[in-house]
K.L.:
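There's a structure below that I have some questions on.
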Amino acid sequence: MVVLVGLDTTERGAEERPGTGKLRPAGRRSDLSSIKKWWRTLGGDRFAVLPPPTRSRYTQSDGHEDAAELFATRSLSTDTSFAYWHWQSHSAFDRSGGLKRELYVHWGGDHATVAAGLGDGPPGYRIVSGGPQGAFQLDKVTERDDDGLPDPEDPAGVRQFLDRLRSHHARRPGEPRHQDAPLTAAEERWLHDRLRDPVELSGAAGFVTALESRRALTSEETARLLAAWREEYAGRLTEWPAWEALLDALLRHGHEEVWDTVACLGPRASDALGTAPSPRALDVLRAWSLFGRPQAIRAWLAVHRALHGPDAVRSAGVLAAELTAHDAPETSLGELFTALDATLTHDWRAARPTADHTAAQAFAALTAVRLATDDDLPRPLRVAAAHRAYDRVAHVREQAARYPGVTETEVLAAADRYDAARDDLLAGTGPDLTGYEGGLGDLYHRYRTPAPADVRWLRDRVADPSTGVQGIAFCLELLHARGEAGEAELEALLPRWKKELTKKYRTTYTEWRHPLVTLTCLALDLDHPAAAALTAWWAKPKPLWKTPVRLLIHLGAPDETKAAELWDFVVSGAHDTGHLMTWVLLRARLDGTHPLLVAERLIGQRGIREYVLHRVLIGVADPAQPLWHYAVDPRSHSWLRRAQEVADDPRLTEAARAIGLRTAREHYAFRYPDQVSPVLTDGQLAAAHAWAEARADRTAAD
């Protein structure tokens, strides 16, 4: 018996198989060609599909912008539902057009309309809905036998089978590698058969991972795989997709040869060592951590705790003392606190297997509040805890009566101690400027009213030669927009601009501009001699990355000529990457007026795209800290607050205020409040709903 689960048997063997060199026979369509042919047949009443993507449609926000342009071009209603895939999804196809994984199809509008419009997918494929908050997934139809096993010669079937075995469990710092659900006897036998001699290493990665995630690789298999790995991937060991799984198995089986491999891998082997504690692993991790390799620190904490006792706070204190004695950077101490926080939360969850994610978050918040004033921890870790607790202490107070095993009085006392100590702990400190830029965006609202200590910290970071491009962009933007950047910041960065700041740095989804844009604006505003060299560099044709943002430097020392050049670009229909925002701020400076009043005059004006104008209107609500994100961020505190301010600004017309109200109503605070970051307190959420309810009549009228 054969069960069809999704490959048109006429397509099997039609694409190149990895490692076989077999090509698709002439006349057979590639997956991409077949899907495009089907895609062109879609669309109808209240439903449209966007053309297949180019690199300019890189994200979902780009897809929604393309949809708005399509609606305008075809005179479609703005509430038309639509489907598309973007360039990141397009990587599901290999170079010959073969589908190497599920193609994610994104959408907008009404989910039921989109599902009906897409149907079951093209012949030989299937399309599955990800639900009202997820993407659709398009994949091949494949065959399985009575045991649910694919034909080993069917790449798509093998891929789908391995994907089904994978749990997609995200391992937390300090947590042992997840052990997936057990295999059936037939499944385990099938996987082991794939690893018998001779084994083709690149094609074996999925089988190795599936077995070792269940600790099922044998000692004999690991020895053979190690030899093949060293030979085939010499000098590039981490390019083999299953290297981490094999390293886990080698350590688990105690292969002595593993230590030579660990030395070759360096700190990238840290996670594996963290799950196989030994004195030798501890020495290796300590050496990496003390010599500026922060990725080794969480494993160092896990192994130290495993060998020297279960008290994670005590272990963290010992490690912090060693890091401080060796003048480790702040990022290393921050990584240590992150590891400690995650370890304590994992322990709490392990003791309460029925606890949900919300309860674990509440415990983590209380832990950060407590650790900030824990005298058993050295000051650097208490500072890191104070940063983590900054947006959480209000949650702790709200939930003070609901913490198991601790009284409300004790929780409130911990919060009081934190509030009393916070300013001293955080004075002269700031966020990690080298981490995920979205994390910096999450706390951008804190800097809307910066304290003098914040301004000093921002200036110190700009002057620090170790601050990277992202950190310079973040700090310089905040200083320059507020008029706090001066000649000292300019002089600190001029020696670095040609070698470091001329590099490509994508700022499409951040609240700050490319640092060289901001630096050039600062030089122009100060009429500094370096302004000529900077503007001359921008005028050159290369590098190409600067072309889309070159005109943004016109915000420095604005004049009517610059305003006219920007305006011509804005109404040309070219892709806007901050140009309208720049023109509005520039025009406001020239006219001596608030940029909101400039932006509202553009409502309904020909040549101005509404969706761009709407985000600019919200983004310039506070000209001392404009929001440069190229789309309204529905999970951001900053964007919600600005939208509310626009909705309530008595200087504005009803049309402008209506844009602010609609934008606020679409914020995740009202739709998916758990996705707002940092998470809103109950009080903040209630205030947001009360604000919206008080304006319900205006919403109905709109």
K.L.:
State whether a side-chain donor-acceptor pair under 3.5 Å links Thr59 with Tyr509.
P.N.:
yes

K.L.:
Under the salt bridge (charged side-chain N to carboxylate O under 4.0 Å, His left out) criterion, do Asp347 and Arg305 qualify, and how do the steps go?
P.N.:
CA-CA 13 Å; Asp347 290 350; Arg305 182 189 182 205; 2.3 Å; yes

K.L.:
Does this structure show an ion pair linking Asp454 with Arg459, if we count only N-O contacts that are shorter than 4.0 Å?
P.N.:
no

K.L.:
Could you verify whether a donor N or O on one side chain and an acceptor N or O on the other, from His308 and Ser315, lie under 3.5 Å apart?
P.N.:
no

K.L.:
Would you call the rings of Phe474 and Trp512 parallel, tilted or perpendicular, taking 30° and 60° as the class edges?
P.N.:
perpendicular

K.L.:
Salt bridge or not between Asp416 and Arg397? Use side-chain N to carboxylate O under 4.0 Å.
P.N.:
yes

K.L.:
What about the rings of Tyr58 and Trp87, do their centers lie closer together than 6.0 Å?
P.N.:
no

K.L.:
Suppose we call two aromatic rings close when their centres sit under 6.0 Å apart. Are Phe161 and Trp190 close by that rule?
P.N.:
yes

K.L.:
Does the Lys NZ or Arg CZ of Arg388 fall within the cation-pi geometry relative to Phe337 - under 6.0 Å from the ring centre and within 45° of the axis?
P.N.:
no

K.L.:
Side chains of Ser219 and Glu221: do they bring a donor and an acceptor to under 3.5 Å?
P.N.:
no

K.L.:
For Phe291, look at atom CZ and say whether over 12 heavy atoms of other residues, nucleotides or ligands are found less than 6.0 Å away.
P.N.:
no

K.L.:
Between Arg635 and Gln675, what is the shortest heavy-atom contact and its length?
P.N.:
CB-O, 3.4 Å

K.L.:
Could you check if a side-chain atom of Leu211 sits within less than 4.5 angstrom of a side-chain atom of Leu183, using non-hydrogen atoms only?
P.N.:
yes

K.L.:
So, Arg252 side chain and Leu217 main chain: donor-acceptor pair closer than 3.5 Å or not?
P.N.:
yes

K.L.:
Can you find a pair of side-chain heavy atoms, one from Val676 and one from His667, that are under 4.5 Å apart?
P.N.:
yes

K.L.:
So, Asp432 and Thr331: side-chain donor and acceptor under 3.5 Å apart, yes or no?
P.N.:
no

K.L.:
Go through the steps for Ser202 and Glu200 under the test side chain to side chain donor-acceptor pair (under 3.5 Å), then give the verdict.
P.N.:
CA-CA 6 Å; Ser202 62; Glu200 193 277 304; 2.3 Å; yes

K.L.:
Would you call Arg417 and Glu410 a salt bridge, taking side-chain N to carboxylate O under 4.0 Å as the test?
P.N.:
no

K.L.:
Verify whether one side chain among Trp300 and Glu335 offers a donor that lies under 3.5 Å from an acceptor in the other.
P.N.:
no

K.L.:
Kindly assign one of parallel, tilted or perpendicular to the pair His637 and His445, based on the angle between their ring planes and the thresholds 30° and 60°.
P.N.:
parallel

K.L.:
Under 4.0 Å between a side-chain nitrogen and a carboxylate oxygen: does that hold for Asp391 and Arg446?
P.N.:
yes

K.L.:
Assess the side chains of Arg101 and Ser91: does a donor N or O sit below 3.5 Å from an acceptor N or O?
P.N.:
yes

K.L.:
Report yes if the side chains of Tyr444 and Leu627 come closer than 4.5 Å at any heavy-atom pair, otherwise no.
P.N.:
yes

K.L.:
How long is the straight-line distance from NE2 of His192 back to CD of Glu220, given to the nearest 0.5 Å?
P.N.:
10.5 Å

K.L.:
Using a strict 4.0 Å threshold on nitrogen-to-oxygen distance, state whether Asp163 and Arg166 make a salt bridge.
P.N.:
yes

K.L.:
Indicate whether any N or O donor in one side chain lies under 3.5 Å from an N or O acceptor in the other, for His629 and Thr510.
P.N.:
no

